[in-house]
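Here is the structure we will look at.
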Amino acid sequence: MAFPLSASIFSPNKLSLNLSSTRKSTSSSFTTHFALPYNPTPQEPASAKHVSPEFKCISATKDDGPMELVNGFNYDSNLETWLELGRKQFERAIAASIIFLQLTCPVPWTGYESGLIPPAEAVLYSPETKIPRTGELALRRAIPANANMKAIQDSLEDISYLLRIPQRKPYGTMEGNVKKSLKIAVDEKESILSSMPAELREEGSVLYASLIDGKDGLKSLLESIKDKDADKVSVGLASTLDTVGQLELLQAPGLQFLLPEQYLNYPRLTGRAVVEFAIEKGDGSTFSPEAAGQPRNTAIIQVVLDGYSAPLTAGNFAKLVIDGAYDGVKLNCTDQAILSDAGAGKDKGYSVPLEIKPSGQFEPLYKTTLSVQDGELPVLPLSVYGAVVMAHSEVSEEYSSPNQFFFYLYDKRNAGLGGLSFDEGQFSVFGYTTSGRDILSQIKTGDIIRSAKLVDGQDRLVMPKES
């Protein structure tokens with residue numbers, strides 16, 4: 001049980017002195033003298049004269065028996081007064097020590113139930129909830145890669161959080177993380193490369209060499225940390241993690257699970273694909289210029305679709321793009337989303353069941369939302385600026401719309417405790433904006449998707465067999 005933050009836990013009965021009548025000392029006894037503060041007792045008149053106005057000497061003798069005090073006046077009351085003062089000072093010192101320990105080491109004492117935070121509250125209320133905050137990070141974490149590569153990735157990603165610490169950054173911890181990653185990469189080289197299909201190992205070997213000794217590899221990152229240059233570390237870390245992601249993609253050429261038989265008649269994406277949107281202003285205005293460029297009539301946005309976590313949703317969307325379902329579609333904007341026109345392409349697309357893969361699970365759940373309050377979080381979170389999401393079906397929220405999608409404009413000011421969107425775990429997220437995120441804030445209602453093209457990944461799109 002935790003100690004209350006007061007000195008009342010101490011009993012005055014614990015502090016006592018065994019007094020006895022005077023007796024003669026023997027050869028084995030010793031004598032000591034000490035001075036006590038003297039205050040007039042209530043029985044004594046304030047004007048009484050004493051040997052010393054401030055102190056009174058008391059002689060203590062001891063042999064095999066208890067302590068003896070010898071004094072020329074009534075020493076009992078004065079001794080008790082002194083002991084009471086000493087006890088209170090001792091209690092204050094112990095109470096202060098307990099307060100200090102509980103503030104610096106806030107670990108609940110055994111049985112102190114109010115200090116135990118349920119898992120759901122830990123997710124909702126912890127400011128350190130480590131959900132991905134960028135599309136690139138979320139996509140990298142979603143790759144079902146070799147365990148050794150994931151260990152390297154986790155160790156390096158921790159450095160991103162350490163870099164957020166202001167002023168005195170823990171470079172020693174960062175150095176330890178990189179050395180750990182380097183050791184895994186060197187010791188487990190065979191395991192890392194053998195996890196790739198034979199036809200991809202040559203490409204993998206080149207990437208592996210770059211990860212170890214390349215310009216933006218682990219050894220180079222280690223030198224940047226030793227130089228204690230935070231900007232250089234940040235840039236080098238991003239490049240190293242990009243290489244890690246490329247290696248992981250080579251280790252995951254397809255889905256790691258079997259789809260339920262009833263869903264085999266849907267298009268499915270068995271890996272990653274890239275869609276490029278050309279957005280045009282509906283009122284004839286322009287988008288802000290790129291660096292040192294001219295204002296643009298058309299802006300390009302690239303989106304990466306993730307079939308590893310949402311194969312049916314991403315597959316249906318990829319097919320819609322190939323069929324031209326979004327060419328010329330108008331966009332509608334709210335404070336939190338940019339939605340495609342619900343009336344466009346109503347006769348196209350599949351009514352795909354709600355598809356969400358929980359973090360730590362092997363395969364997605366269908367027709368089921370997640371309970372964030374119970375600690376469930378998706379592999380592809382909604383709480384990322386530029387997340388690409390399917391709207392709900394008009395008929396049932398257990399299904400996604402056949403074709404209406406939206407870009408989610410995450411804003412932590414409108415998020416719940418822990419930085420999570422209030423709608424987290426309620427929609428099928430299937431990709432993220434990776435290029436042109438700055439364009440999203442410039443899109444207004446009435447702007448148009450001039451064209452949408454599948455520029456990469458069509459070979460990973462599996463179409464259903466014709467009946």
Side-chain angles (χ1 to χ4, degrees), residues 130 132-161 163 174-225 233-257 269-274 302 304-311 314 357 359-360 362 379-380 431-432 434-435 455-457 459-460:
K130 289 187 177 182
R133 294 304 185 186
T134 66
E136 291 81 0
L137 177 54
L139 289 167
R140 188 167 56 243
R141 289 187 180 179
I143 304 171
N146 174 279
N148 291 313
M149 287 304 303
K150 284 300 180 186
I152 293 173
Q153 176 186 326
D154 291 343
S155 184
L156 293 176
E157 286 179 353
D158 282 343
I159 298 176
S160 299
Y161 293 96
L163 283 170
M174 297 182 200
E175 183 177 345
N177 283 18
V178 176
K179 286 181 177 179
K180 176 183 175 182
S181 298
L182 187 58
K183 186 177 188 306
I184 295 172
V186 173
D187 293 349
E188 303 296 336
K189 177 181 179 180
E190 184 62 29
S191 171
I192 292 171
L193 295 178
S194 63
S195 297
M196 304 173 189
E199 64 274 16
L200 299 177
R201 286 179 192 167
E202 184 176 351
E203 181 182 355
S205 296
V206 175
L207 284 172
Y208 174 84
S210 175
L211 177 65
I212 302 296
D213 298 306
K215 179 182 177 182
D216 297 314
L218 291 170
K219 292 182 179 179
S220 177
L221 179 60
L222 195 58
E223 292 302 316
S224 298
I225 291 174
V233 171
S234 181
V235 172
L237 178 64
S239 298
T240 303
L241 283 170
D242 283 344
T243 304
V244 169
Q246 293 176 57
L247 279 166
E248 290 180 340
L249 286 173
L250 294 180
Q251 294 177 335
L255 298 183
Q256 304 297 302
F257 54 88
L269 185 65
T270 61
R272 292 281 165 82
V274 179
Q302 280 197 345
V304 174
L305 312 183
D306 182 41
Y308 296 124
S309 303
K357 185 178 180 182
S359 180
F362 189 67
V379 171
L380 301 180
Y432 294 97
T434 57
S435 178
V455 296
D456 184 44
D459 57 325
R460 290 180 279 278

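In this chain, numbering begins with 1 at the start of the sequence shown.
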Could you tell me whether the side chain of [Y] reaches within less than 4.5 Å of the side chain of [X], counting heavy atoms only?
X: Val304; Y: Tyr432; result: no
X: Thr243; Y: Asp216; result: no
X: Lys150; Y: Ile143; result: yes
X: Met196; Y: Leu247; result: yes
X: Val274; Y: Leu305; result: no
X: Asp306; Y: Leu269; result: no
X: Met174; Y: Leu237; result: no

Quiz item: When you check the gap from the basic side-chain N to the acidic O, do Glu157 and Arg141 get nearer than 4.0 Å?
Solution: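 Looking at Glu157 and Arg141, the cut-off is met.
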Exercise. In plain terms, say whether Glu136 and Arg140 are close enough for a salt bridge, that is, a side-chain N and a carboxylate O under 4.0 Å apart.
Key: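 Answer for the salt bridge query: no.
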Practice problem: Please answer whether the main-chain N or O of Ala185 pairs with a side-chain N or O of Tyr208 as donor and acceptor at a distance below 3.5 Å. | Solution: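 Checking the backbone N and O of Ala185 against the side chain of Tyr208, a donor-acceptor pair under 3.5 Å is found.
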Quiz item: Distance-only, no hydrogens or angles: does the Ser220 side chain make a donor-acceptor pair with backbone N or O of Lys215 under 3.5 Å?
Solution: yes
Quiz item: Got more than 12 heavy atoms from elsewhere within 6.0 Å of CD, Glu202?
Solution: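 No.
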Quiz prompt | More than 12 heavy atoms of other groups within 6.0 Å of Lys180 NZ | solution =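 Count not over threshold, so no.
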Self-check item: Asn148 versus Ser191, side-chain donor and acceptor atoms under 3.5 Å
Solution: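 Asn148 and Ser191 do have a side-chain donor-acceptor pair below 3.5 Å.
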